[in-house]
Amino acid sequence: MAENILAQFAKALTGGTVRVVDLTQPLEPATPVIQLPEQFGKSWPFRLEEISRYDQRGPAWYWNNFACGEHTGTHFDAPVHWVTGKDYPNNATDTIPAEKFIAPACVIDVSHQASNDPDFLLTREHVEQWEREHGRIEAGSWVLMRTDWSKRRDPQAFLNIGQDGAHVPGPHPELVPFLAKERDIIGWGSEGVGTDAGQAFRFDPPFPCHSIMHGSNKFGLASLTNLDQLPPQGALLITPPLKIVSGSGSPCRVLALVSSA
Ligand code: MN
């Protein structure tokens, strides 16, 4: 009798024909947090407070309290995050069906373009060129934009904020409805601090990756790293946010399964 698919998968993991790539940034006080203009509310940076460490506060145990905004570090954006997605059923971290947290990924490598232009925008033409080489983006796939932006280890260079706002690559406003509606993707992932480009507050509509993606009941992943270790297509992403009741998002340990067979 043929082995069931999960037994085969377990063997592939232990045998090394399926690799696990961690797409998550370290979460620590230095983790960059999105900066909004003065008039808006502030997201907390990550904070860690020791409760005890094998000492008089707890002789045999080590543990911490932590605090942070939902959208800190590598994180998941739920549809309820944006006003356009607020009325969908099951649109928050606790109610999104769990099977949505495992999905294939298409990785579009524009690291060369982004290295020369911090305001680089991925267009529909770029995506159609990718599809000619790698096949049509299947419904229910993540689209991840590889820019190598996560290699900017200095938080200032990573946020890249100037007098006129942030300068970080992202999707072109005309690409977002194409991916959401004509390709029916599950969500969009970026290496920057958020899913939208740094200058997206100037776009029409503003913040299209939030407005249109979440307005189409789609998800987001931000502050991804190690996208250079993924194939253009064929990786499987595991993206469960914390089950925060009515949460708009959550820090997330994003893993990719990659077959080397
Ligand atoms: Mn977010």
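As the structure lists them, so they are numbered: ligands from 1, and atoms in each ligand from 1.
Residue side and main chain included, D77 places an N/O/S atom under 2.8 Å of the Mn ion (ligand 1). For the Mn ion (ligand 1), the N/O/S atoms of H210 include none lying under 2.8 Å. Put simply, H71 gets within reach of the Mn ion (ligand 1), with an N, O or S atom under 2.8 Å from it.
For H75, the N/O/S atom at the shortest distance from the Mn ion (ligand 1) is named NE2.
Under the 6.0 Å cut-off for aromatic ring centres, H126 and H172 do not qualify, their centroids lying 6.0 Å or more apart.
When the shell of 6.0 Å around NZ of K243 is examined, it contains 12 or fewer heavy atoms from other residues, nucleotides or ligands.
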Margin query: Determine whether E70 and S248 satisfy the following criterion, side chain to side chain donor-acceptor pair (under 3.5 Å), listing intermediate values before the conclusion.
Written below: CA-CA 7 Å; E70 290 174 329; S248 75; 2.4 Å; yes

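The pair E191-R152 does not meet the salt-bridge criterion, since no charged nitrogen lies less than 4.0 angstrom from a carboxylate oxygen.
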